[in-house]
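Report on the structure given below.
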There are 2 protein chains.
Amino acid sequence: MDMPDWVASVDPCDADCPSRDLLDLIGDRWSLLIMLVIGQGFHRNGEIRRRVGGISQKMLTQTLRALEANGLVARHDFATVPPHVEYRLTPLGVSLGHAVGPMFQWIEASYPAVLRARAAYAARQAQAA
Amino acid sequence: MDMPDWVASVDPCDADCPSRDLLDLIGDRWSLLIMLVIGQGFHRNGEIRRRVGGISQKMLTQTLRALEANGLVARHDFATVPPHVEYRLTPLGVSLGHAVGPMFQWIEASYPAVLRARAAYAARQAQAA
DNA sequence: GCGCATAGGTACTGAAAGTTAAGTACGCAC
DNA sequence: GTGCGTACTTAACTTTCAGTACCTATGCGC
């Protein structure tokens with residue numbers, strides 16, 4: 001079994017283990033996507049909403065609040081009228097960006113393999129039925 | 001802005017982009033936890049359920065099916081009575097394990113920083129109110 | 001032959017998440 | 001002075017998630 005070190009270092013059985021808590025945060029449907037777009041240089045609410053296809057205004061605001069509350073994104077409100085607010089990654093947010101890089105690379109590299117696995121699974125199901 | 005390369009290589013705006021699809025799969029609440037436990041050497045339904053605290057039988061079955069359908073976990077049914085089924089990581093599953101390793105390391109390393117950020121945010125909220 | 005164990009499947013139900021649509025408050029161009 | 005744009009907030013509605021409870025089939029101990 002060729003598994004990396006983290007199999008020993010994280011214990012999901014432990015309710016106090018940070019894995020549950022933070023996995024819920026960054027395993028969220030939109031969080032990483034929003035951080036990605038901010039990292040690409042889009043800092044304003046409207047810009048982000050237009051870049052992240054399919055997100056509603058409510059989810060964007062809600063997710064940005066959660067990211068801000070956890071120190072991953074900094075919110076700068078210029079307190080002008082009309083409103084002008086900018087979001088930027090904090091150093092902590094940037095470090096998370098680096099940590100999930102390999103995962104995104106895996107997604108890109110492995111997508112074809114996953115599609116093949118799905119097709120094979122569907123074929124097995126059809127055959128069994 | 002010190003962001004890694006993947007900010008340019010993945011485009012969440014594109015509905016065809018694999019990021020959405022696979023992020024939903026592995027960003028699931030239980031998938032990574034279950035793969036972790038299987039990687040630790042627990043291969044049977046009951047073993048996994050006892051290791052992953054808080055999961056119900058239904059969610060375990062459901063998640064294992066999804067992982068199997070996507071080629072991350074292999075299911076071996078020995079077709080005996082009483083039933084004996086074993087789950088193991090496929091090579092694809094092991095490669096995903098490696099890819100999320102840095103993320104788990106980040107979680108362990110950054111948890112204190114996140115807790116501090118939360119406390120600071122709560123203090124700001126209390127002050128504003 | 002009763003109940004327990006295994007590894008699930010299925011249906012019902014409540015909770016949570018997310019969507020749409022509308023409202024807030026102001027300035028600016030037309 | 002009508003409508004647009006910004007960055008939200010709120011309410012009502014819908015969809016999805018997840019847990020409980022009960023069901024399959026079989027051999028074992030008693």
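Chain letters run A, B, ... following the sequence lines, proteins first, then strands; residues in each count from 1.
Checked options B:Leu72, B:Val94, B:Leu64; the residue passing with B:Met35 is B:Leu72 (criterion: side-chain contact (heavy atoms from CB on, under 4.5 Å)).
OP1 or OP2 of D:dA7 lies within a sub-4.0 Å distance of a side-chain N or O belonging to A:Arg44. In this structure, B:Thr61 does not reach the C:dG8 phosphate: none of its side-chain N or O atoms is under 4.0 Å from OP1 or OP2. Look at B:Arg49 and you won't find any side-chain N or O under 4.0 angstrom from OP1 or OP2 of C:dG8. B:Arg29 has no side-chain polar atom (N or O) that falls below the 4.0 Å cut-off from OP1 or OP2 of D:dA18. Within the 4.0 Å cut-off from OP1 or OP2 of D:dT6, not a single side-chain nitrogen or oxygen of A:Asn45 is found. In this structure, B:Arg75 does not reach the C:dA7 phosphate: none of its side-chain N or O atoms is under 4.0 Å from OP1 or OP2.
Here the nucleotide nearest the side chain of A:Lys58, chosen from C:dA7, C:dT19, D:dT6, is C:dT19. For A:Gln62, whose side chain is taken as the heavy atoms from C-beta onward, the closest listed nucleotide among D:dC8, C:dG18, D:dG5 is C:dG18. Among the nucleotides C:dT19, C:dG27, D:dT9, the one closest to any side-chain atom of A:Val81 is C:dG27.
Distance CZ (B:Arg50) to P (C:dA7): 8 Å, rounded to an integer number of Å. Atom CD in B:Glu86 sits about 13 Å away from atom C1' in C:dA7, given to the nearest Å. Computed from coordinates, the A:Asp28 CG to D:dC17 P distance equals 14 Å when rounded to whole Å. Between the CZ atom of A:Phe42 and the C1' atom of D:dA7 there is a distance of 19 Å, rounded to whole Å. Atom CD in B:Glu47 sits roughly 17 Å away from atom P in C:dA5 (whole-Å rounding). Summarising the geometry, the separation between CG on A:Leu60 and P on C:dT19 is reported as 11 Å, rounded to the nearest angstrom. Distance CG (B:Asp24) to P (D:dT15): 19 Å, rounded to an integer number of Å. When rounded to the nearest whole Å, the span between CD of A:Glu68 and P of D:dA7 equals 15 Å.
Remark: the backbone N or O of A:Ala113 is not paired with any side-chain donor or acceptor of A:Ser110 at under 3.5 angstrom. Under the 3.5 Å distance criterion, the side-chain polar atoms of B:Thr90 are matched with a main-chain donor or acceptor of B:Gly71.
In this structure, CG in A:Leu60 is found 5.0 Å from CG in A:Asn45, a value given to the nearest 0.5 Å.
In this structure, B:Phe78 reaches neither bases nor backbone, as no heavy-atom distance under 4.0 Å exists between it and the strands shown.
Mapping A:Pro82 and A:Gln57 onto DNA chain C via the closest heavy atom, the residue that lands nearer the 5' end is A:Gln57. Toward the 5′ end of DNA chain C lies the nearest nucleotide of A:Met59, the other residue of the pair A:Pro83 and A:Met59 mapping further downstream.
No hydrogens or angles considered: a donor-acceptor pair under 3.5 Å links the side chains of B:Asp21 and A:Tyr111.
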